[in-house]
*Asks:* 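Once you've had a glance at the structure underneath, I'll fire off some questions.
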There are 2 protein chains.
Amino acid sequence: MGKSGFYQQNGDDIVFRGFNKISIDSKGRLAVPSRYRDLIAVQAENNLVITLNPLDRSLWLYPLPEWELIEDKLATLSDFDKQSRRTKQMMRGYASDCQLDSQGRILLPKELRSYAELNKQAVILGQGNKFEIWNEQAWEAQRDEWLQSVGDDSVPTPESLQTLSL
Amino acid sequence: MGKSGFYQQNGDDIVFRGFNKISIDSKGRLAVPSRYRDLIAVQAENNLVITLNPLDRSLWLYPLPEWELIEDKLATLSDFDKQSRRTKQMMRGYASDCQLDSQGRILLPKELRSYAELNKQAVILGQGNKFEIWNEQAWEAQRDEWLQSVGDDSVPTPESLQTLSL
DNA sequence: CCACTTTTACCCACAATTCCCCACTTCTTG
DNA sequence: CAAGAAGTGGGGAATTGTGGGTAAAAGTGG
């Protein structure tokens, strides 16, 4: 059983990572890679929340307990700052609950599918406390753009990155 | 040849060094040179994390505890700066956990294999806290190019190198 | 309240991938 | 040269990914 390496549980902290190509079938279903399923079952009783990622045209998928933390944070945002208000509206407004079915799949709401342009081939990325779900082409385009800019000295690098040693 | 020459363990610091030609079999598996295996077993319980090296078309292979340090650094990057966000997404997104099998091999994710163009012959380099894995031809080309430019006064040398004594 | 359409959930089946094990070759070491 | 260790390859079982049929549930309009 090689699953334990793909996530990590330190007390209440969960860290997802990793990359998968997945297909979305004609009914709009998406299979969560099996190596994450045990943790999702234990930690969230198969309850997930999916919403849009307001920064990129992709989706975020949280285990329910993690989403509840996000909701608390959103609640503290001011209604009088437009950016904050919109973020709150979008993330909460589009959040929908879903459960893993007996095959470990979730049904993506039509609205979110079209927001992220998820049709056939998609990509799912572990991103710490959540997953990010991209249209495959969109993801590849972002990746290539980033790879270029990393190697390109003419693109200014923020200070936080300049001092980053990997 | 004793193993101890190829790594060093000072407290929590691990330093890998050394060069190996290795082959990648038709199933995409790669055997970690045996002289590193003891340390990996002790220090990381055979848990490794492999991800892409954005600066060259090669891969980075970390023992899990070392990768966790990287993840902590990444977590501090802002989501609202695009460069930083992408770096975080890419490094975490492509990071895949792997375990050494009973022969001391790991299975390279297809995506990463194609990114680094790893087909048959590869090269693995000890690089301090991690290993770097290259397509053999790509490595030799880089090496030759670098050897040329170092001796060439027309290529500017950054200040940090000018003061470097070897 | 009922009939009709659309959506969702459950089940099974096939295909692809991954994992576990064993065998053979090559290289080191005594 | 023998014996062991390390590198390499591959068979086959088990797991996982994917698609679709069909029944239940929900939404819609009269």
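Order of the sequence lines fixes the chain letters, A, B, ..., with proteins taken first and strands second; residue numbering starts at 1 for each chain.
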*Asks:* Could you check whether the side chain of B:K21 and the base of D:dG7 have a donor-acceptor pair of N or O atoms closer than 3.5 Å, going by distance alone?
*Replies:*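 Between D:dG7 and B:K21, which were checked side chain against base, a qualifying N/O pair under 3.5 Å is absent.
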*Asks:* Enumerate the residue pairs fulfilling salt bridge (Lys or Arg N to Asp or Glu O under 4.0 Å) with a member in residues 100-115 of chain A, sequence neighbours excluded, ordered by first and then second residue.
*Replies:*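 Sorted pair list: A:D25-A:R105, A:D101-A:R105.
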*Asks:* Are the side chain of B:K130 and the backbone of B:E66 linked by a donor-acceptor contact shorter than 3.5 Å?
*Replies:*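 Judged by distance alone, no pair lies under 3.5 Å.
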*Asks:* Does the D:dG7 base have a donor-acceptor partner in the side chain of B:R29 within less than 3.5 Å?
*Replies:*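 There is none.
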*Asks:* Verify, without hydrogens or angle tests, whether B:N47 (side chain) and B:L64 (backbone) share a donor-acceptor contact under 3.5 angstrom.
*Replies:*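 Absent.
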*Asks:* Rounded to whole Å, please give me the gap between CD1 in A:I24 and C1' in D:dG20.
*Replies:*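 That distance rounds to 17 Å.
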*Asks:* Separation of B:D38 atom CG from D:dA5 atom C1', in whole Å?
*Replies:*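 Answer to the nearest Å: 13 Å.
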*Asks:* Atom CG of A:L108 to atom P of C:dT8: distance rounded to whole Å?
*Replies:*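 About 11 Å, once rounded to whole Å.
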*Asks:* Any donor and acceptor pair, going by atom type alone, linking the side chain of B:Y115 with main-chain N or O of B:T51 inside 3.5 Å?
*Replies:*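 Flag not set: sc B:Y115 to bb B:T51 has no pair under 3.5 Å.
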*Asks:* Could you state the atom-to-atom distance from CD of A:Q121 to C1' of D:dG17 in whole Å?
*Replies:*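 About 11 Å, once rounded to whole Å.
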*Asks:* May I ask you to verify if any side-chain N or O of B:R35 is less than 4.0 angstrom from the OP1 or OP2 atom of C:dT28?
*Replies:*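 So the side chain of B:R35 is outside the cut-off, no N or O lying under 4.0 Å from OP1 or OP2 of C:dT28.
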*Asks:* Round to a whole Å and report the spacing from CD1 of B:I124 to C1' of D:dA6.
*Replies:*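 From B:I124 CD1 to D:dA6 C1': 15 Å.
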*Asks:* Tell me whether the rings of B:W134 and B:W139 are parallel (<30°), tilted (30 to 60°) or perpendicular (>60°).
*Replies:*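 The rings of B:W134 and B:W139 stand perpendicular, inter-plane angle above 60°.
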*Asks:* With DNA chain C as reference, determine whether B:D101 or A:K110 sits nearer its 5' end, using the nearest nucleotide of each.
*Replies:*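 Going by which nucleotide is closer to the 5' end, it is A:K110.
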*Asks:* Give the nucleotide from the list D:dG17, D:dG10, D:dT22 with an atom nearest to the side chain of A:K27.
*Replies:*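 The listed nucleotide nearest to A:K27's side chain is D:dT22.
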*Asks:* Calculate the interatomic distance between B:D25 atom CG and C:dT25 atom P; express it in whole Å.
*Replies:*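 These atoms are roughly 17 Å apart.
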*Asks:* At under 4.0 Å, does any side-chain N or O of A:R105 touch on OP1 or OP2 of C:dT8?
*Replies:*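 For A:R105, the contact criterion (side-chain N or O under 4.0 Å from OP1 or OP2 of C:dT8) is not met.
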*Asks:* May I have the distance from A:N119 (atom CG) to D:dG19 (atom P), rounded to whole angstrom?
*Replies:*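 After rounding, the reported distance stands at 12 Å.
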*Asks:* Check the phosphate of D:dG9 against B:S23, side-chain N and O only, distance under 4.0 Å to OP1 or OP2. Yes or no?
*Replies:*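 Yes, because at least one side-chain N or O of B:S23 sits under 4.0 Å from OP1 or OP2 of D:dG9.
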*Asks:* Take atom CG of A:N20 and atom C1' of D:dT18, then tell me their distance rounded to the nearest Å.
*Replies:*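 Answer to the nearest Å: 14 Å.
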*Asks:* If you check every side-chain atom of B:Q103, which of D:dG10, C:dC21, D:dA6 has the closest atom?
*Replies:*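 Between D:dG10, C:dC21, D:dA6, the one nearest the side chain of B:Q103 would be C:dC21.
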